[in-house]
Amino acid sequence: MIAATNRELLADVHAGRFRSDLYYRLNVFPVDLPSLRDRPEDIAALAIHFMHRMARKSASQLKELLRYPEQAQ
C-alpha cells in the first residue's frame, strides 16, 4: 500500500488523532520525499516528461482521427 500525507502522523498518534496500529502498518517502509515546492529544480523535468507523454498520446489520437473517413466507409 502506498499512502501520502502532508501531516506529521507521529505527532497525530501522540495527540490521539491517528491510530497507532495504523501508523505502525503504514510506517513499515517509509519513503520521505520533500514537497515539489522545496525542489523547484525538478519542475522542468516533470513538465517536459508530461508534455512528451501527452504529445505521444495526442499524435496517436490525431492518426486515429485522420483514419476515420477510411473506417467509416
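Under the 4.5 Å side-chain heavy-atom criterion for Ile, Leu, Val, Met, Phe, Trp and Tyr, Leu9 and Val31 are members of distinct hydrophobic clusters. Leu46 and Met51 fall into different hydrophobic clusters, where Ile, Leu, Val, Met, Phe, Trp and Tyr are joined by side-chain heavy atoms under 4.5 Å apart, directly or via other members.
Distance CG/Asp42 to CG/Leu36: 6.5 Å, rounded to 0.5 Å. How far OH of Tyr23 is from NE2 of His14: 7.5 Å, rounded to the nearest 0.5 Å.
Side chains of Leu26 and Phe18 form a contact here, defined as non-hydrogen atoms less than 4.5 Å apart. Using a 4.5 Å heavy-atom cutoff, the side chains of Asn27 and Leu10 are not in contact. With a 4.5 Å cut-off on side-chain heavy atoms, Lys63 and Leu66 do not count as touching.
Within 6.0 Å of the NE2 atom in His49, the count of heavy atoms belonging to other residues, nucleotides or ligands exceeds 12.
A donor-acceptor pair is defined here as one N or O able to donate and one able to accept, closer than 3.5 Å; no such pair exists between the side chain of Arg17 and the backbone of Val13. Between the side chain of Arg39 and the backbone N or O of Pro34 there is at least one donor-acceptor pair closer than 3.5 Å.
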